[in-house]
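For reference, the structure is listed below as structure tokens.
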Amino acid sequence: MIAWSATKLKFTSGIGVLCTTAMMAGLSHQEMSIWLLLVIALLPLTVFMFVRPDEMRPSIVRPLQGFASAWYLLTVAVLTAWGFFKNEWPKGWPLFFIGEAVGCVPCVVVLKSLFWPAHERSGFRNLEDAAALKSDHLTGPFF
């Protein structure tokens with residue numbers, strides 16, 4: 001589960017969704033309808049914004065956020081493979097990759113908390129350090 005503030009989620013997921021949609025539109029040469037592109041890209045953002053750990057039970061939040069994270073990471077991986085396979089990139093593709101990487105941050109945090117719970121991570125540290133861990137939050141100078 002990710003218990004970030006709405007601002008952090010809007011920023012990271014929103015940038016990722018915009019860049020993913022732009023990359024899909026550029027790679028498909030507007031052959032796919034825009035509503036389909038938005039549905040594919042907006043699924044993770046919608047789940048992160050409306051399925052919150054402080055509003056729903058963890059038994060609901062964990063699987064939905066895990067699915068949304070896997071969906072986003074799979075979408076980005078498929079787009080990258082598609083670009084390498086076709087060997088033609090849309091204009092501004094380096095910026096799209098940077099934006100997609102920003103969107104991957106909450107997904108990696110969610111999958112890390114799902115597959116490597118805090119009680120297993122604390123076994124690698126002293127007991128004093130383990131108490132200071134925040135299991136569902138990303139810490140650092142930028143967050």
Exercise. Mind checking whether Ile98 and Ile15 sit in one hydrophobic cluster, side chains of I, L, V, M, F, W, Y counted as touching below 4.5 Å?
Worked result: no

For this session: State the CG-CE distance between Leu79 and Met24, to the nearest 0.5 angstrom.
Result: 6.0 Å

Exercise. Can you hop from Leu43 to Leu114 via hydrophobic side chains spaced under 4.5 Å?
Worked result: yes

For this session: Report whether Phe96 and Leu37 are members of the same hydrophobic cluster (ILVMFWY, side-chain heavy atoms less than 4.5 Å apart, transitive linking).
Result: yes

Show me the side-chain donor-acceptor pairs of residues 67-75 shorter than 3.5 Å, one per line, residues at least two apart or across chains.
from: Ser69; atom 1: OG; to: Gln65; atom 2: O; distance (Å): 2.9
from: Trp71; atom 1: NE1; to: Ile40; atom 2: O; distance (Å): 2.8
from: Tyr72; atom 1: OH; to: Glu100; atom 2: O; distance (Å): 3.0
from: Thr75; atom 1: OG1; to: Trp71; atom 2: O; distance (Å): 2.7

For this session: Calculate, to the nearest 0.5 Å, the distance between atoms CG and OG1 belonging to Leu64 and Thr46 respectively.
Result: 12.0 Å

For this session: Might you point out which heavy atoms bring Ser13 and Pro106 nearest each other, and give the distance in Å?
Result: OG-CG, 3.8 Å

For this session: Would you indicate whether the side-chain heavy atoms of Val108 and Leu111 approach each other to under 4.5 Å?
Result: no

For this session: Could you check if a side-chain atom of Met23 sits within less than 4.5 angstrom of a side-chain atom of Phe97, using non-hydrogen atoms only?
Result: yes

Exercise. Mind checking what makes side-chain contact (heavy atoms from CB on, under 4.5 Å) contact with Met56, not counting sequence neighbours?
Worked result: Val51, Ile60, Val61

Problem set entry | pair Phe48-Thr12: side-chain heavy atoms closer than 4.5 Å | no

Seminar exercise, completed: Residues passing the side-chain contact (heavy atoms from CB on, under 4.5 Å) test with Pro63, sequence neighbours excluded, are none

For this session: Under the ring-ring contact (aromatic ring centres under 6.0 Å, His included) rule, collect the residues that match up with Phe84, sequence neighbours excluded.
Result: Trp89

For this session: Sequence neighbours left out, what passes side-chain contact (heavy atoms from CB on, under 4.5 Å) with Lys86? Give chain and number order.
Result: His29, Trp82, Glu88

Exercise. Residues in side-chain contact (heavy atoms from CB on, under 4.5 Å) with Leu95, at least two apart?
Worked result: none

For this session: Working to the nearest 0.5 Å, report the span between CZ of Phe85 and OG1 of Thr80.
Result: 15.0 Å

Problem set entry | Inter-residue atom distance Leu36.CG - Thr21.OG1, 0.5 Å rounding | 10.5 Å

Exercise. Does Val76 belong to the same Ile/Leu/Val/Met/Phe/Trp/Tyr cluster as Val78, with side-chain heavy atoms less than 4.5 Å apart forming each link?
Worked result: no

Problem set entry | Same cluster (ILVMFWY, side-chain, under 4.5 Å), Val17 and Phe11 | no

